[in-house]
Every structure is written in C-alpha cells, then in structure tokens.
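Read the structure below first, then the notes.
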Protein chains: 2
Amino acid sequence: MLNVQEFIDACRECGLNVTYQRILIYKSLVKTKTHPTAEEIYHEVKAEYPSISLATVYKTLETLAEHDLISKVTPLHDLARYDGDTEQHHHLVCLKCRKIIDIHEEALNNLKVPKETGFKIEGYRIQFEGLCRQCALEDDPNWEETSAKSNEDTTFCGK
Amino acid sequence: MLNVQEFIDACRECGLNVTYQRILIYKSLVKTKTHPTAEEIYHEVKAEYPSISLATVYKTLETLAEHDLISKVTPLHDLARYDGDTEQHHHLVCLKCRKIIDIHEEALNNLKVPKETGFKIEGYRIQFEGLCRQCALEDDPNWEETSAKSNEDTTFCGK
DNA sequence: CTTATTGCAAATAATTTGCACCAGC
DNA sequence: GCTGGTGCAAATTATTTGCAATAAG
C-alpha cells in the first residue's frame, strides 16, 4: 500500500510509464477495503477523469497485478472448475499450465481463526500457488536439487 | 465420491430427479482428478450421449454443487476483484452478500506443506467462507450468543 | 398426471483485442 | 522520436435465461 510518490517510484522501477490514469486507478483501489471490481473502479475514476475507458482500467489492473503492485483476489478467475471430491481438501494450482492438484493433508484441516471478526465461518479453502514439477523444471532444470538440499520433508511457505 | 448407485440414492434424498444426463455428468466428473470445466465435461458426455446440451451441463453442475454432491473449485468466480494490499493476508468471504474482509493473522502466514507433491510453491491464499455479522444475524438473530458460549477467542474450523 | 428437467436459441455479462491516436521519457 | 499506453468499438468467451417439448416419479 504505497502513497502516490512511492507508487510513481515503483512504476519507474518496474519500467512502467507513469500515467495519470494509472495513478487515479491505483489511488481509487488503495483507498478502499472493499476489494472492488474493475467496473467499480472505472466508475469511481470516471467521476474525476471522464474520458477514461473501461478497457484501460482492465489493462491497468492486470498490468499492476503482474508487477505485484496490487493483487487479484480471484485468481483462478478464468473458468469455473468442478471437483467430484467433496471431502475437505485443498488445491495446488500451477500458475503456468493451470493444472490443479489435490492436497489431502490432515494438518491443514483444523486451522484456528480468530473469532473477533464477527464472521460465522463455515469452512475454508487453501489455494497453494506455484509451479508443478514439469513447469518448474522447464523454468529451471535443477530446482529439484536445490530444494532437496534443505533436508526437511515440509517447506515453510510465507510470501 | 460416490458410486453410481450411491449417487442415485443421494439424488433421491435431495429431492432431485435422477436423469440419465445427471448420471453421465457425475460419472464424467468423478472419474478424473483434473478439475474439469463445464465445457470439458460437456465434450466428454457428448461422446456417449450426443444430444446433451451445454446449458444442461451448466445447470446440472450448479445444481449438484448446491446440494454438495460435487464442489466448485473456483468459488468467487463471478467477478474479478482487486486488492491494493499486497502484504500476505487472507480473506473472509460472505456467501450471502459477497463482501470480502481482510484477515491479517500472523499465525496463518507460515503454514507448512509437504514437499512430496513435487510442486514449487510460491505462496498460498486462504479463503474463509461463511456469513458476515449482518448476514449471520439476518439468518439467525441469536447466533452470536450461541457462539459466545464457547469461551475461546478462536474457533476451530473444519468442514 | 404433475412437476422437474432438458435442449435449443437467444440474451447477457465480463473481459479482451485491434488499431489509430496520444503521451511519457 | 520511439515506444508504450489509451480509448474506442468490435470481438470473444463464459455463463444464464426463456420457453416449449419431454421424462421422472
């Protein structure tokens, strides 16, 4: 969550041109916690800058998300996918080939969450993101050796 | 993951008519681990039952998911949503009003995952699903009291 | 026989694309 | 000036809907 000057600098670092539209879109997004849609941002920005087009908003949001200046909440948004398995389990999603792999892991099925949110929680799903073995190898032919060196059988996984 | 006879019984229990199309769609879905799209299931079923229509596949999948006979992997599939906050955090999604609330909780940011999957994991996101306070109260005016009785400040959350 | 479900075609909704013009560096 | 970005309109893609015909219970 950067202020405007930091955002401008970050754009430059990423090699992105700094345009008025991008600044307005970024400002509109960071000032809210509502996780808006492209359409919502479009309406808000349009009030201040009427000539903006919805296509620009879409392109800008995708561009900023690619550069990690913002993030997309609905990641697998492309196509609805179904699963015949209704037991609690989680998914590994390959960011390259979009393959989805099941992960049945008891330890992940009893997360504790704070009650203070006021939410009545019915369940949760975890989506691990990364590269499947094939795609990881295409990317870097010896990542497996590198990762095998750390001789644990689990891996920590922060951001 | 039911066999055909169990599926038929389950449909009856849910008050769903048992149709040949439903059986074929269910069979096509449960025999694979690829988390197919409606389109993919359509093609597969069409080979055996050419008169089936894509609209039926969509309707059937949604119906079965509503009754928990299958599950939808891409839940918030409706609209792409963006977030200006790129710090690691997770989301609470209200299933009724679709509101999304951030949850910053250190304890959720260091999950361990088994390496044996061969996946090169870059991160993960957790989506808690349930009802926000307002919607929960509309649903059941005294759920807060009920839930307050269990005097912990966290709640276990399995399926 | 009554109601739920199907299948078609048409409608809708979200997102993407092509391209000419314009702006940042 | 070169390249990337914008804005428009049109195209594409996924999904939904209305409705008449049909099948399930």
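Quick note on labels: first sequence line is chain A, next is B, and so on, each numbered from 1.
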If you restrict it to nitrogen or oxygen atoms, what contacts under 3.5 Å exist between nucleotides 18-22 of chain D and the protein, and what is each distance?
| from | atom 1 | to | atom 2 | distance (Å) |
| --- | --- | --- | --- | --- |
| dG18(D) | O6 | K59(B) | NZ | 3.3 |

Positions of residues 17-24 of chain B (non-hydrogen atom under 4.0 Å from DNA chain D), listed by number: N17(B), V18(B)

Listed partners of Y42(B) passing ring pair (Phe, Tyr, Trp, His ring centres under 6.0 Å), at least two apart: none

H43(B): ring pair (Phe, Tyr, Trp, His ring centres under 6.0 Å) partners, not counting sequence neighbours: none

Distance flag, aromatic centroids of F119(A) and F128(B), threshold under 6.0 Å: no

Side chains of [X] and [Y] only: does a donor on one sit below 3.5 Å from an acceptor on the other?
{"X": "E40(A)", "Y": "Y82(B)", "result": "no"}
{"X": "T63(B)", "Y": "T60(B)", "result": "no"}
{"X": "H89(A)", "Y": "N109(A)", "result": "no"}

Quick one: [X] [atom1] to [N] [atom2], roughly how many Å, whole number?
{"X": "L54(A)", "N": "dG7(D)", "atom1": "CG", "atom2": "P", "result": "11 Å"}
{"X": "E62(A)", "N": "dT6(D)", "atom1": "CD", "atom2": "P", "result": "14 Å"}
{"X": "L79(B)", "N": "dT12(C)", "atom1": "CG", "atom2": "P", "result": "17 Å"}
{"X": "Y58(B)", "N": "dA9(C)", "atom1": "OH", "atom2": "C1'", "result": "16 Å"}
{"X": "R98(A)", "N": "dA14(D)", "atom1": "CZ", "atom2": "P", "result": "13 Å"}
{"X": "L61(B)", "N": "dG7(C)", "atom1": "CG", "atom2": "P", "result": "13 Å"}

Any donor-acceptor pair under 3.5 Å from T74(B) side chain to R81(A) backbone: yes

Shortest non-hydrogen separation from L69(A) to F7(A) and the atoms involved: CD1-CE1, 4.2 Å

Sub-4.0 Å heavy-atom contacts from residues 38-53 of chain A onto DNA chain C, ordered by number: none

Contact list for DNA chain C against residues 4-16 of chain B - heavy-atom distance below 4.0 Å: L16(B)

Over 12 non-hydrogen atoms of neighbours within 6.0 angstrom of NZ in K96(B): yes

Electrostatic pair E44(B)-K27(B), nearest N-O below 4.0 angstrom: no

salt_bridge(K112(B), E105(A)) N-O dist < 4.0 Å: no

Audit row: H91(B), Y124(A), ring-ring contact (aromatic ring centres under 6.0 Å, His included) steps and yes/no: CA-CA 10 Å; H91(B) 292 120; Y124(A) 61 87; over 10 Å; no

H104(B) vs D85(B), side chain to side chain donor-acceptor pair (under 3.5 Å): CA-CA, chis, key distance, verdict: CA-CA 11 Å; H104(B) 284 89; D85(B) 183 356; 3.0 Å; yes

